[in-house]
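Notes to accompany the following structure.
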Amino acid sequence: MGKADKTVFVANLGSSANEEILFELFLQAGPLKKVTIARDREGRQRSYGFVYYKHAEAVPYAIALLNGTWLFGRQIRLQYGTGRPVFCIIIKTCSFQLTHLDLRRLQGSNVASGHFQNLLIHNVLCT
């Protein structure tokens, strides 16, 4: 059983959330190894993070127990984590035709030797 089997991906975190608060919240589902919230290159907190459990059995329980929980005015979304970094494409506007299906194909592709294996597409608004 690998690291991915013991990881929960947490999305839609507000700026008031921190690792200590997430640790206390997710501890309800089982013993934790660590909690991390992603940061950008400038060190600003991103809206997602990872919770690493000591035992894989805690992951489905945590998702069932805590998915949709309101935390600082935002409803967190949980899914099975990969244990690997998630790459995000955020497109605010684009001047070319790009459909949701095109983005899903990109997400499933093996571009750049698998670097897009864990691609998360977020906030896609094409005009």
Side-chain angles (χ1 to χ4, degrees):
M1 211 167 277
K3 187 177 182 180
D5 298 326
K6 300 176 185 176
T7 305
V8 175
F9 174 75
V10 184
N12 200 33
L13 292 172
S15 60
S16 297
N18 60 43
E19 280 95 353
E20 292 80 17
I21 289 169
L22 289 181
F23 192 96
E24 291 299 321
L25 178 65
F26 282 87
L27 190 59
Q28 296 176 67
L32 299 169
K33 281 190 176 180
K34 68 178 180 174
V35 172
T36 60
I37 296 177
R39 301 201 175 272
D40 66 15
R41 289 185 179 125
E42 288 79 40
R44 292 181 301 241
Q45 184 170 299
R46 302 297 299 265
S47 63
Y48 65 92
F50 295 91
V51 175
Y52 301 92
Y53 281 97
K54 290 183 180 179
H55 309 288
E57 296 80 16
V59 172
Y61 181 61
I63 292 171
L65 180 67
L66 300 169
N67 191 33
T69 297
W70 287 88
L71 185 63
F72 296 111
R74 296 179 81 166
Q75 197 170 20
I76 60 172
R77 294 185 315 272
L78 309 178
Q79 64 185 37
Y80 290 89
T82 62
R84 297 174 61 190
V86 173
F87 299 93
C88 295
I89 292 180
I90 301 176
I91 302 172
K92 296 291 181 189
T93 60
C94 51
S95 59
F96 53 91
Q97 292 293 328
L98 189 63
T99 67
H100 193 266
L101 183 58
D102 294 329
L103 289 171
R104 287 291 165 210
R105 284 188 189 125
L106 175 62
Q107 184 177 20
S109 70
N110 291 322
V111 177
S113 302
H115 288 129
F116 292 100
Q117 207 168 19
N118 296 311
L119 181 68
L120 175 68
I121 299 169
H122 184 66
N123 290 343
V124 177
L125 298 171
C126 292
T127 56

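Aromatic pair Phe9/Tyr80: ring centres not closer than 6.0 Å.
If you take CG on Asn67 and CD on Gln79, they are separated by 9.0 Å, rounding to the nearest 0.5 Å. Note: Leu22 CG to Ile37 CD1 = 4.5 Å, rounded to the nearest 0.5 Å.
Within the structure, side-chain hydrogen bond (donor to acceptor under 3.5 Å, both in side chains) contacts touching residues 22-41 (residues at least two apart or in different chains) are Asp40-Arg44.
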**Asked** Taking it one step at a time, do Val8 and Ile63 satisfy side chain to side chain contact (heavy atoms under 4.5 Å, CB included)?
**Response** CA-CA 8 Å; Val8 175; Ile63 292 171; 4.3 Å; yes
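Around OH of Tyr61, the count of heavy atoms belonging to other residues, nucleotides or ligands within 6.0 Å does not exceed 12.
Nearest heavy atoms, Asp5 versus Val59: O-CG2, 3.5 Å.
The side-chain contact (heavy atoms from CB on, under 4.5 Å) test applied to Thr69 returns Leu66, Ile76, not counting sequence neighbours. Scanning for side-chain contact (heavy atoms from CB on, under 4.5 Å) contacts around Ala58 gives Tyr53, with sequence neighbours left out. Applying the side chain to side chain donor-acceptor pair (under 3.5 Å) test to Asn12 and every residue at least two apart in sequence or in another chain returns Arg74. Glu20 meets the salt bridge (charged side-chain N to carboxylate O under 4.0 Å, His left out) test with no other residue; sequence neighbours excluded.
Gln45 contributes a side-chain N or O that, together with a main-chain N or O of Ala17, makes up a donor-acceptor pair within less than 3.5 Å.
The shortest distance between side-chain heavy atoms of Val51 and Leu78 does not fall below 4.5 Å.
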